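The next block holds one structure in the form of structure tokens; read it before the comments.
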Amino acid sequence: MKGLYCRAGVNDAETKFVIQETTLPAALDSHQVRVQVKACGLSPLDLKLLSDLAIQKDLIPVGREVVGVILQVGSKVSFFQPDDEVVGVLPLDFPCSGLCDVIDIDEQHLVHKPEKLNWVCVAGTLRDGVCAYTALHTHARMAAGHTLLVMDGASSFGLMCIQLACYHGVKVLTTSHTPQQHTFLEQLRPSVGVQDPLVARVIPVYDSSSDLLSVVLEETGGLGVDIVIDSGVRLQEEEEPEERKLLPHKHDIISVLGVGGHWVTSHQDLQLDPPDSRLLYLKSASVSFLNSEVWTASSAQQGRYLHILKDIVEKMSTGILRPQPEEPVPLYEATVAMEMVQCCQRRKAVVQL
């Protein structure tokens, strides 16, 4: 049985992905299930996080968002039966790659998959769905009547945030990075109910004539937004690489926040200067860091995490959450696909087994 693994180097250039033979133990543990994997999502490996958590191996398993069918259950498994379709995210310290044909996993990491949901669609959406729930529910405490600004709304994560927020009665503003994204976001409509646009205003940041702060204040009557979810920020005004020029500056994000607002950032190296902290203090606003691995790094809130996974797949099955289609890649192309994901040449990939 083959799986995809990472051989970490001193730097990113030396990191290699290899297909490696692996075997399963003959017997299942009492609380484990044996799953035949049908599809697996590939996301960038955070090697620094693994090092911080003291998870260091010669070969690091790759591919953790899995969807499959249960083949066998342990003697004390109570939630699943053979032939159940399941979905889950493998723990950070899981010994096997999600691209193996068959894996043994504890039942506490899985939830049932609705039958009509596509394997590839679920595997490609699970991580973004968990991030959206964590940002909006856990960090920002989203409620009906709030106003939300999503940066880069056409990304898979941004799209999940927009659809989830609209379902809960939140007014959504978002930014677009290209004319094609702008058109796509303006045409977003719910799959059920009143066919009003999901986004109240799309702000084209690729157009230098559009000023983020003035547009947001215009849309909110000068009050600012309740929640901002970014996809990265610029810390300095100096020359930035081309791909970062469309990101907002940290001061712009703080400026668009209203009183008591929440800024949820995925920028792990964020640094706030005293004037930025002073402005946050005056607004009684808060900053939260969005770590997509926090649920699998600790089992302290495992029950809540499983409820999130279950709600994601249920909302996908009813059409409330509608991700953009992801073209699957075969197993023999997984190594190349993962190298592109790790180098940020593509955001994610899904391997169909």
Side-chain angles (χ1 to χ4, degrees), residues 41-44 124-125 127-129 131-132 135-136 140 147-166 170-189 197-220 224-225 227-257 263-270 290 292 321-327 337 340-350:
L42 299 179
S43 302
T125 308
R127 179 179 291 265
D128 294 317
C131 286
L136 291 171
T147 304
L148 164 69
L149 173 61
V150 179
M151 313 306 295
D152 191 14
S155 67
S156 51
F157 167 60
L159 191 58
M160 288 292 103
C161 289
I162 290 171
Q163 294 172 344
L164 185 61
C166 288
V170 173
K171 177 182 177 180
V172 178
L173 314 176
T174 189
T175 62
S176 59
H177 288 182
T178 66
Q180 293 78 14
Q181 290 183 5
H182 192 88
T183 303
F184 167 74
L185 290 167
E186 286 189 327
Q187 293 175 349
L188 277 179
R189 298 291 187 277
L198 289 181
V199 180
R201 182 77 174 266
V202 183
I203 307 166
V205 294
Y206 60 88
D207 184 354
S208 57
S209 64
S210 179
D211 179 61
L212 178 67
L213 178 58
S214 61
V215 173
V216 169
L217 293 180
E218 176 189 336
E219 281 291 328
T220 59
V225 296
I227 307 165
V228 176
I229 298 177
D230 70 37
S231 57
V233 296
R234 286 185 294 119
L235 302 181
Q236 306 294 335
E237 293 288 3
E238 285 83 18
E239 285 295 319
E240 293 275 1
E242 192 64 36
E243 65 272 12
R244 298 188 64 83
K245 287 184 178 178
L246 296 178
L247 297 178
H249 189 268
K250 59 182 178 180
H251 187 75
D252 293 336
I253 290 183
I254 296 172
S255 299
V256 302
L257 278 175
W263 172 16
V264 182
T265 181
S266 53
H267 197 299
Q268 57 182 303
D269 299 320
L270 179 68
L290 179 60
S292 62
L321 296 179
R322 292 171 296 140
Q324 292 178 283
E326 189 75 28
E327 189 67 30
M340 295 176 67
V341 170
Q342 191 71 14
C343 296
C344 300
Q345 294 177 8
R346 61 188 293 178
R347 287 178 174 171
K348 60 182 177 179
V350 181

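What you see is a predicted model; the values in this text were computed from it and never measured.
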Is the shortest side-chain heavy-atom distance between [X] and [Y] below 4.5 Å?
X	Y	result
Val150	Leu173	no
His249	Val233	no
Met151	Leu212	yes
Thr125	Phe157	no
Phe184	Leu159	yes
Val216	Thr147	no
Pro323	Asp128	no
Val256	Leu149	yes

Contacts of type side-chain contact (heavy atoms from CB on, under 4.5 Å), residue Arg346, not counting sequence neighbours: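 For Arg346, the residues satisfying side-chain contact (heavy atoms from CB on, under 4.5 Å) (neighbours in sequence not counted) are Glu326, Val329, Ala337, Met340, Val341, Ala349.
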Measuring from atom [atom1] of [X] to atom [atom2] of [Y], what distance do you get when rounded to the nearest 0.5 angstrom?
X	Y	atom1	atom2	result
Asp152	Ile229	CG	CD1	12.5 Å
Ile253	Leu270	CD1	CG	8.5 Å
Lys171	Leu148	NZ	CG	11.5 Å

Test salt bridge (charged side-chain N to carboxylate O under 4.0 Å, His left out) applied to Lys250 and Asp269, step by step: CA-CA 12 Å; Lys250 59 182 178 180; Asp269 299 320; over 6 Å; no
Over all atoms of both residues, closest heavy-atom pair of Arg127 and Ser43: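 Looking at all heavy atoms of both residues, the shortest contact is NE-OG, 3.0 Å.
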Cys166 to Val172 - nearest heavy-atom pair and separation: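 Shortest heavy-atom contact: SG-CG2, 3.7 Å.
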For the side chain of [X] and the backbone of [Y], is there at least one donor-acceptor N/O pair under 3.5 Å apart?
X	Y	value
Lys348	Gly124	yes
Ser292	Cys131	no
Gln324	Ser156	no
Glu219	Val215	no

Set of side chain to side chain donor-acceptor pair (under 3.5 Å) partners for Thr265, sequence neighbours left out: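 For Thr265, the residues satisfying side chain to side chain donor-acceptor pair (under 3.5 Å) (neighbours in sequence not counted) are Asp230.
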Derivation and outcome, side-chain contact (heavy atoms from CB on, under 4.5 Å), residues Leu185 and Ile162: CA-CA 10 Å; Leu185 290 167; Ile162 290 171; 4.0 Å; yes
Arg201/Val199 under side-chain contact (heavy atoms from CB on, under 4.5 Å): CA gap, chis, key distance, verdict: CA-CA 6 Å; Arg201 182 77 174 266; Val199 180; 5.5 Å; no
